[in-house]
Amino acid sequence: MSPAHPASPFDGWLTGDPEVLALLGDEAERQSTTLQLIASENFTSPAVLAASGSILTNKYAEGYPGRRYYGGNQVVDRIEDLARDRLTALFGAEHANVQPHAGATANLAAYQALLDPGDTVLAMRLDHGGHLTHGSPASITSKVWRFVSYGVSAATDDPDKPGEIIDFDQVADVARRERPKLVVAGSTAYARIIDPLPFREIADSVGARFLFDAAHPAGLIAGGAHPSPVGVADVVTFTTHKTLRGPRGGAILCTAELAKAVDAAVFPGLQGGPLEHVVAAKAVAFAEAARPEFAAYAAQVVANARALADALATEGFRLVSGGTENHQVLVDLRSFDADLTGKEAQEVLDRAGITCNRNTVPDDPRSPFVTSGLRLGSAAQTTTGMGEAEMTRIGGLIGRTLRGRSDDAVLASVRAEVRELCAGFPPYPTLAGA
Ligand code: DSN
C-alpha cells in the first residue's frame, strides 16, 4: 500500500533501507500535517524533486559547459546550458551562473568577483534584517572584507507612517562617509519591497558597485510582483528554494562585463564540482517560474502574507513596519506579552503544528538566540493552494496558541485544527497513491 504522505517520487526504491525510508516518511508526515510558515521555505514541484533525485548526482563536471576538467560531460553541458538560458530569459539578464550550492556561496562569489580583501562593503545590519553573509562578525565575510552598515528607520506611533523601513538617508550618509567599494541591498527579515533604484543612485554617487541579494524576493520578482534589480544592479544573487520554489541552491546573475570574474569566483574560486542534479532541478524550476501560473502564485503569496498580517494585528500583535508588501510578516511579540520571547513562541507553535522561526526585531534587546520576534512566511502554504481565508484562520490559531501557551488542552485543540486544515491542502497530491 502507498504511504499516506510520500516523501519523493522514488519512495519505492528505498525499501532496501527501511531506516531511511521510515525517517523520510516521518518528515513527509510532518510537512503534510503541520503548517509551514518559515519564510525561506517552499514546496517544490514533483518534477523538481525528480530532477534533483536523478542520476546526474553521479557526474563530476568541474568547469563550465564546453570547458570541463572531466570527460563525459556532453549531456551535462546541455543541461547546464539549458538552466543558464532559462534563467537569463526569466530575468532578462546578460549572464547567469547556476552552480552556487547556496545563497551564502553565491554572495561569497559575488564579493570575490567584485572586491579585493580588505575593501569596504555597505550592507544591511544583521539585527535590522540583513543576512549573516552581509558582514556578521560570525561570518567569514567580516574577516575578509570591512563591512559598514545601514538599518531601518525608528518605529513610530503613526499608523500611516510606522517607520522601520530602509532609511535611505542613512544609506547615503554612511556611503558618503565610508566610501564603500560595494553597496549591498537585500535582507532575510524585512517585510517591505526593496526598491533597487535608490541603492543604485547611492552606489553611483560614491563610485561603488551594487549587489542585490534577492534570496527572499527572487520568486516575487520572477512573477512580476516586485521590481526587478536585474539591469539595475551589477550583480544579483539569490537562492533557488525560497519564493522561487526550486531545489535547494543558489544562482548569480550579472552583466556580461562581469561574467568571467563571477564564473571564476564560483569555480575554481569557491567550489569544486557543481551539483548537476540540482542544476537540472533548477532548470525545471526556472521553466515553471516563467509560466503565467507562477505570476498568479507570486501575487497570491503577497496577498496571503497581507491577510496573515491583518489577522495577526487583529489578534493584538505589533507588526514590524506596520505590515507587509512581500511574503514575510515580522512580528514583535513584546506588545502582545512582554514576557514572551521569540524562542518560546517558536517552540510552543511547533507543539501546536505551526512551524516558523524566531527572529530579532530591529534593536532587539534580547540575543539572536532568544529574540523578541517571530518571522512568518506565506510562500509554502500558498503553493498548497491556501488563500486569504486560510491565512486569516492561521492568524487566529497563532493568537490562540500563544495566549493559551501554558494550557496543554489549548495546544492539543490547535494541533487538531491544524491537522484538519492541512488535510485539505496536501503539498504533494499527485505523489499520494503513486
Ligand atoms: N535561509 C535564510 C533565511 O531563512 O532567511 C537564512 O540564511
* Just by modelled atom types, is the V76 backbone N or O under 3.5 Å from a matching donor or acceptor in the N73 side chain? -> no
* To do: Check the pair F199 / F168 against ring-ring contact (aromatic ring centres under 6.0 Å, His included), numbers first and verdict last.
  => CA-CA 8 Å; F199 280 105; F168 281 106; 4.9 Å; yes
* Apply side-chain contact (heavy atoms from CB on, under 4.5 Å) to the pair I354 and V414, showing each step before the final yes or no. => CA-CA 9 Å; I354 300 172; V414 174; 4.2 Å; yes
* Structure fact -> Of all heavy-atom pairs linking P247 and V48, the shortest is N-CG1, 3.7 Å
* To do: Take H5 and T33 through the test side-chain contact (heavy atoms from CB on, under 4.5 Å) and record every step on the way to the result.
  => CA-CA 9 Å; H5 303 295; T33 65; 3.8 Å; yes
* Decide side-chain hydrogen bond (donor to acceptor under 3.5 Å, both in side chains) for N107 and T237; before the verdict, give the C-alpha distance in whole Å, the side-chain angles of both, and the deciding distance to 0.1 Å. => CA-CA 6 Å; N107 281 348; T237 55; 2.7 Å; yes
* Electrostatic pair E27-R30, nearest N-O below 4.0 angstrom -> yes
* Structure fact -> Closest non-hydrogen atoms of L376 and L312, given as atom of the first, atom of the second and distance, are CD1-CD1, 3.5 Å
* Chi angles and distances behind the side-chain hydrogen bond (donor to acceptor under 3.5 Å, both in side chains) call for E62, Q271 -> CA-CA 9 Å; E62 283 186 358; Q271 296 185 173; over 6 Å; no
* Ignoring hydrogens and geometry, is there a side-chain-to-backbone donor-acceptor pair from S149 to A123 under 3.5 Å? -> no
* Look at the aromatic rings of H327 and H216 and report parallel, tilted or perpendicular, splitting at 30° and 60°. => parallel
* Asked: Can you check whether G63's main-chain N or O pairs, donor with acceptor, with Q99's side chain at less than 3.5 Å?
  -> yes
* If you count the non-hydrogen atoms of other residues, nucleotides and ligands that lie under 6.0 Å from CZ in F10, is the total more than 12? -> yes
* Asked: Does R86 pair with E80 as a salt bridge, N-O distance under 4.0 Å?
  -> no
* Before accepting this row, confirm whether a basic side-chain N of the pair R209/E257 lies closer than 4.0 Å to the acidic partner's carboxylate O. => yes
* Taking only residues two or more places apart in sequence, or in another chain, which ones meet Y190 in a ring-ring contact (aromatic ring centres under 6.0 Å, His included)? -> none
* Kindly say whether T255 contributes a backbone atom to a donor-acceptor pair with the side chain of E94 at under 3.5 angstrom? => no
* Asked: Would a distance-only check, ignoring hydrogens and angles, find a side-chain to backbone donor-acceptor pair under 3.5 Å from T240 to G249?
  -> yes
* To do: Quick one: do L114 and L258 satisfy side-chain contact (heavy atoms from CB on, under 4.5 Å)? Show the steps, please.
  => CA-CA 8 Å; L114 297 169; L258 289 168; 3.8 Å; yes
* Under a 4.0 Å N-O cut-off, is there an ion pair linking R78 with D81? -> no
* To do: Looking only at non-hydrogen atoms, find the nearest pair between P217 and H226 and report the distance.
  => CB-ND1, 4.0 Å
* Would you say the side chains of Y297 and T382 form a donor-acceptor pair under 3.5 Å? -> no
* Salt bridge E344-R405, side-chain N to carboxylate O under 4.0 Å -> yes
* Asked: For the atom pair OG1 (T360) and NE2 (H128), what is the distance rounded to the nearest 0.5 Å?
  -> 8.5 Å
* Asked: How far does OG of S187 sit from CG of N326, to the nearest 0.5 angstrom?
  -> 7.5 Å
* Asked: Between D263 and H95, is any side-chain donor less than 3.5 angstrom from a side-chain acceptor?
  -> yes
* To do: Using a 4.5 Å cut-off on heavy atoms from C-beta on, say whether the side chain of L308 contacts that of I394.
  => yes
* **Contact check, side chains of D332 and L319, non-hydrogen atoms, under 4.5 Å** => no
* **Salt bridge R146-D119, side-chain N to carboxylate O under 4.0 Å** => no
* Which pair of heavy atoms, one from A109 and one from I252, lies closest together, and at what distance? -> CB-CD1, 3.8 Å
* E347 bridged to R351 by N-O distance under 4.0 Å -> no
* Measure from the side-chain N and O atoms of D350 to the backbone N and O of Q346, and report whether any donor-acceptor pair falls under 3.5 Å. => no
* To do: Flag the pair E325 and R306 as a salt bridge only when some basic side-chain nitrogen lies within less than 4.0 angstrom of an acidic carboxylate oxygen.
  => no
* Asked: Going by atom types alone, do R192 and S321 pair a side-chain donor with an acceptor below 3.5 Å?
  -> yes
* Asked: Angle class for the F147/Y111 ring planes (parallel below 30°, perpendicular above 60°, tilted otherwise)?
  -> perpendicular
* M386 side chain reached by L35 side chain, heavy atoms, under 4.5 Å -> yes
* Dump the intermediate steps for salt bridge (charged side-chain N to carboxylate O under 4.0 Å, His left out) on R245 and E293, then the final yes or no. => CA-CA 13 Å; R245 213 166 59 183; E293 307 88 273; over 6 Å; no
* Asked: Is there side-chain contact between T384 and P426, with at least one heavy-atom pair below 4.5 Å?
  -> no
* **N-O pairing of D364 and R366 below 4.0 Å** => no
* Spell out, as yes or no, whether a donor-acceptor pair under 3.5 Å connects the side chain of R200 to the backbone of V232. => yes
* Would you say V329 and V320 make side-chain contact, with heavy atoms under 4.5 Å? -> no
* To do: Answer whether the closest heavy-atom distance between the side chains of V152 and R125 falls below 4.5 Å.
  => no
* List the atom of V418, the atom of T34, and the distance in Å for their closest heavy-atom pair. => CG1-CA, 4.0 Å
* Side chains of V235 and L253 in contact at under 4.5 Å (non-hydrogen atoms) -> no
* **Side chain K143, main chain P137, donor-acceptor under 3.5 Å** => yes
* To do: With ring-ring contact (aromatic ring centres under 6.0 Å, His included) as the test, would you mind laying out the steps for F91 and F238 before giving the verdict?
  => CA-CA 12 Å; F91 288 98; F238 52 93; 5.4 Å; yes
* **Pair R400 + E417: basic N to acidic O under 4.0 Å** => yes
* Does N304 reach the main-chain N or O of V301 with its side chain, forming a donor-acceptor pair under 3.5 Å? -> no
* Apply side-chain contact (heavy atoms from CB on, under 4.5 Å) to E390 and L421, showing your working. => CA-CA 8 Å; E390 287 75 29; L421 177 58; 3.8 Å; yes
* Over 12 non-hydrogen atoms of neighbours within 6.0 angstrom of CG in L197 -> yes
* Taking C-beta and beyond as the side chain, do P65 and R84 meet within less than 4.5 Å on heavy atoms? -> yes
* Does any N or O in the side chain of N42 come within less than 3.5 Å of the main-chain N or O of T44, such that one atom is a donor and the other an acceptor? -> no
* Mind checking whether F210 and F212 have parallel, tilted or perpendicular rings, split at 30° and 60°? -> perpendicular
* To do: Assign the ring pair Y70 / Y60 to parallel, tilted or perpendicular, where the plane angle (0 to 90°) is split at 30° and 60°.
  => parallel
* Decide ring-ring contact (aromatic ring centres under 6.0 Å, His included) for F267 and Y69; before the verdict, give the C-alpha distance in whole Å, the side-chain angles of both, and the deciding distance to 0.1 Å. => CA-CA 11 Å; F267 171 85; Y69 290 78; 5.7 Å; yes
* Between T243 and A218, what is the shortest heavy-atom contact and its length? -> OG1-N, 3.6 Å
